[in-house]
Each structure stands twice: as structure tokens, then as C-alpha cells.
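First comes the structure, then the notes that go with it.
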Amino acid sequence: MRIVVCLKPVPDPRQWGKLSLDPETRTLVRSGIDMAVNPLDKNALEAALTLREELGGEVIVLSMAPPQAGPVLREALAMGADRAVLLSDRIFAGSDTLGTAHVLAEGVKALGGAQVVLCGDETMDGGTAQVSAQAAEFLDLPNLMHVCGISPSAQGPWQVRTRIEQGTALIEIKPPLVLSVVKTLNQPRYVTMMNILEAEDKELAVWSAQDIRLSEPCVGLAHSPTQMAGLFRPRGEVTAEMLEGTADELAAELADRLKRLGFC
């Protein structure tokens, strides 16, 4: 069984104070910011490793990111992934969710397909929760989101529990499929120093658009169908008015103002 985990390197939360937006491209300026594994993608990787332990096979981490994302993928290898593929090409830069999903789907196809593709439900820098469903569409596979439980079977259908409004739904489904997971699914395993050293000997391939034979034009900033209309900085002005009078007079004035504002 081939299990592919789509992993996104995101800006390290400890350095979010350094983030800025490029006024021309309207994208995040990531240069000089350390990257980390998107938290929910760790849950997706943990799910993949658990499936491998139960059913056998291999776990491959797939990521679309700049070349400097190598150490982030090494962390995924240290967690236990068998190998990693970094999809990195200048034409990918600035892709929206549809472009990203298309590149990832072509990466999965270049790997020879997969019985299971796992993603985090959303990323902490975008939060759109769109990529897994879009990638599933490109791969022509069923997709389940908000997955909080996976009970695999070597022969029959799997039981997958997903979050819905007012509770959960238990769904029987057979691979191949695409799943995006939530935090409560599992607890990602601890990485030891020995794991980190072993990860240095694992394969980390870097593929370009040519390597995955990407021909569709809907990637990159210029060709993404989703475009940001504009940017503005919220005004942070704070005004204050000092009231004077006795305690009774102040209480009456405040009560009157609250009433006029509709709070009482």
C-alpha cells in the first residue's frame, strides 16, 4: 500500500511577528522566516504511519514548497516517513489553492498513484480547507474531510468517522481515497535524536514541473484563478472620553449610553 501525505511548510509561529505582505504580489513575504510543519499535517502523517503499521506498505511525504523547505521534510522523515518528494519550481510560486492542489495531484500521479492520500484539514497560514477536496477532484478519488477516526481493513471497507454539525458521521468506504484530518484524530509521535540521524539517510527527492509533466496553466501567481482584490491596513486609532461627576451621575450617564447603543 502506498500512502502519500501532503505536507505544507508554514512560517514558524514563533516568528509571525516578522511576517509582512508584498504590496505588489499581495502574497506573504516568507524570506528570512524559518519554516515548520503545518500542525494538522503532523496528524495526517501520524495517521499514515499508523496505517503502515497495521496494513504494511510505504509512507511518502509530498510537498510543494521552495527549496529551503528541505529541513521541514527531513523532520517528516524523522517522524517515520519512508521517503519525501519536494515539488519545487519557480512557476509554482504564488499558486492559489486550486493551483497547489493541481501540482500535488500531478505529484501523486508521478509517484504511481496512491491507495490513500492524507492531508491536514487546513493550514495555519491560509486556513481555506480547500486543497484536499480539490486534489481529490484532480485525482478522481472520493474525499472525506474533518476525519476524526480511521478503522482500516485489509479486505473489506474502512470505517471513517468525520465531524459534522451536531456530532459525527460514520462512513464505510474503500480505498483509494483522499482524507483530511483534524487534531483530535491522534497525537503525533515524539521524534528522538536517533530518528533525526536516521532521517539523514532517507531519500529526499526534488522534482520540477518538468519532472511531473505539468502542462496545465492554472499554477503560479499569474495563472491562478483566485486573485486578491486589494490590501489595506486597519486603522488602530483608539479614542477615549473622560466623564466627570459623582458616582451616581457617572452611573446614570453610562446606563443611558449603553441603552442608546442597544446593550440594554
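Because the structure is predicted, anything quoted here is derived from the model rather than measured. One is the number of the first residue; the rest follow in order along the sequence.
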**OP:** List the steps and the verdict of side chain to side chain contact (heavy atoms under 4.5 Å, CB included) for V5 and I60.
**Re:** CA-CA 6 Å; V5 180; I60 305 172; over 6 Å; no
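- Applying the side chain to side chain contact (heavy atoms under 4.5 Å, CB included) test between L179 and each of V117, D121, V147, L51 identifies V147 as the sole match.
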**OP:** Quick one: do M145 and R163 satisfy side chain to side chain contact (heavy atoms under 4.5 Å, CB included)? Show the steps, please.
**Re:** CA-CA 8 Å; M145 298 185 65; R163 283 184 176 177; over 6 Å; no
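- Across all their heavy atoms, D41 and K8 have their closest contact at OD2-N, 2.8 Å.
- When side chains are defined from C-beta on, L139 counts as touching V108, because their heavy atoms get closer than 4.5 Å.
- Residues L170 and Q159 are in side-chain contact: their nearest non-hydrogen atoms beyond the backbone lie under 4.5 Å apart.
- Smallest separation of non-hydrogen atoms from A110 and I212: CB-CG2, 4.0 Å.
- Remark: the backbone N or O of T168 is not paired with any side-chain donor or acceptor of R161 at under 3.5 angstrom.
- E253 has a carboxylate O that lies under 4.0 Å from a charged side-chain N of R257, or vice versa, which qualifies the two as a salt bridge.
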**OP:** Applying side chain to side chain contact (heavy atoms under 4.5 Å, CB included), run through L243 and L254 and close with a yes or a no.
**Re:** CA-CA 9 Å; L243 301 178; L254 287 173; 4.0 Å; yes
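- Taking all atoms of both residues into account, the shortest heavy-atom contact from R83 to L111 is NH1-CD2, 4.0 Å.
- At a threshold of 4.5 Å between side-chain heavy atoms, the hydrophobic network of Ile, Leu, Val, Met, Phe, Trp and Tyr places V116 and F138 in two separate groups.
- By the 4.0 Å N-to-carboxylate-O rule, D82 lies close enough to R52 to be salt-bridged with it.
- Annotation for C6 and C119: closest pair CB-SG, 3.9 Å, computed over non-hydrogen atoms.
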**OP:** Evaluate the criterion side chain to side chain contact (heavy atoms under 4.5 Å, CB included) for residue pair L87 and V85; output intermediate values, then yes/no.
**Re:** CA-CA 6 Å; L87 305 173; V85 176; 4.0 Å; yes
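- The two atoms that bring S208 and F92 nearest to each other are C-CZ, 4.4 Å, heavy atoms only.
- Other residues sharing the hydrophobic cluster of V182, ordered by chain and number and joined by side-chain separations under 4.5 Å: none, the residue standing alone.
- Contact check for E122 versus L40: side-chain heavy atoms found under the 4.5 Å cut-off.
- Contact check for L104 versus V131: side-chain heavy atoms found under the 4.5 Å cut-off.
- Side-chain contact between V103 and T100 is absent, with no heavy atoms from C-beta onward closer than 4.5 Å.
- The shortest side-chain heavy-atom distance between L98 and H102 does not fall under the 4.5 Å cut-off.
- Taking 4.0 Å as the cut-off between side-chain N and carboxylate O, E75 and R189 do not count as a salt-bridged pair.
- Electrostatic pairing of R213 and E106 does not count as a salt bridge here, judged by no charged N lying under 4.0 Å from a carboxylate O.
- The side-chain heavy atoms of M124 and P11, taken from C-beta on, include no pair separated by under 4.5 Å.
- Proximity of N143 to L177: side-chain heavy atoms (C-beta onward) are nowhere separated by under 4.5 Å.
- Of all the heavy atoms in A76 and V61, the pair that sits closest is CB-CG2, 3.8 Å.
- Checked by atom type and distance alone, the side chain of N195 never pairs as donor or acceptor with a backbone atom of M79 at under 3.5 Å.
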